[in-house]
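Inspection log for the structure reproduced underneath, given as structure tokens.
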Amino acid sequence: MSRLWFRVLCGLCGLALAISLLWVFSGNSGKAAPPPAYTLRDEGGRVAVYAGTQAAPSAPLQICDIYTRLLPENDLLHLQEGIPVYSDAQLEALLEDLGL
């Protein structure tokens, strides 16, 4: 009797593993991410907000009173690369985290 329960339990574990692998690998591989609404960058030692994503941004929408020299190195590196922001709420949260 215990051997039967062991086989049933192994079968259920295998089924759960197969379903979880199918779920992981069937993710959003075909869908492209939406373009960001804003991009945060370092502009003259301060955090600047640009519209959308631009390789060579023209004029910032806003230059914040957050000095990048006071930020941790990791944050500064991300700002130099450009931080994509997808919503107004995310923008407010990031600016608050950076020190505004």
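Numbers for residues simply follow the sequence, beginning at 1. As the structure is a prediction and not an experimental result, all values here were calculated from the model.
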Taking all atoms of both residues into account, what is the closest heavy-atom pair of E81 and R41, and its distance?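 Taking E81 first and R41 second, the nearest heavy atoms are O-NH1, 3.5 Å.
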Nearest-0.5 Å distance that lies between atom CG in L98 and atom NE2 in H78: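 L98 CG to H78 NE2: 11.0 Å, rounded to 0.5 Å.
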With L79, the side-chain contact (heavy atoms from CB on, under 4.5 Å) member among I66, L40, T39: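 For L79, the side-chain contact (heavy atoms from CB on, under 4.5 Å) test succeeds with only one of I66, L40, T39, which is L40.
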Quick one: do L71 and L95 end up in the same hydrophobic cluster if we chain Ile, Leu, Val, Met, Phe, Trp and Tyr together by side-chain heavy atoms under 4.5 Å apart?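 As far as the 4.5 Å side-chain criterion goes, L95 and L71 are connected within one cluster.
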Donor-acceptor list for residues 42-49 side chains, cut-off 3.5 Å, not counting sequence neighbours:
{"from": "D42", "atom 1": "OD1", "to": "G45", "atom 2": "N", "distance (Å)": "3.1"}
{"from": "D42", "atom 1": "OD1", "to": "T68", "atom 2": "OG1", "distance (Å)": "3.4"}
{"from": "E43", "atom 1": "OE1", "to": "Y50", "atom 2": "OH", "distance (Å)": "2.5"}
{"from": "R46", "atom 1": "NE", "to": "C64", "atom 2": "O", "distance (Å)": "3.1"}
{"from": "R46", "atom 1": "NH2", "to": "D65", "atom 2": "OD1", "distance (Å)": "3.1"}

Could you go through I83 and D75, starting from their C-alpha distance and side-chain angles, then the distance that decides it, and tell me whether this counts as side-chain contact (heavy atoms from CB on, under 4.5 Å)? CA-CA 9 Å; I83 300 174; D75 290 343; over 6 Å; no
Apart from Y67 itself, what residues make up its hydrophobic cluster, given side-chain heavy atom links below 4.5 Å?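 Noted: Y67 shares its cluster with L70.
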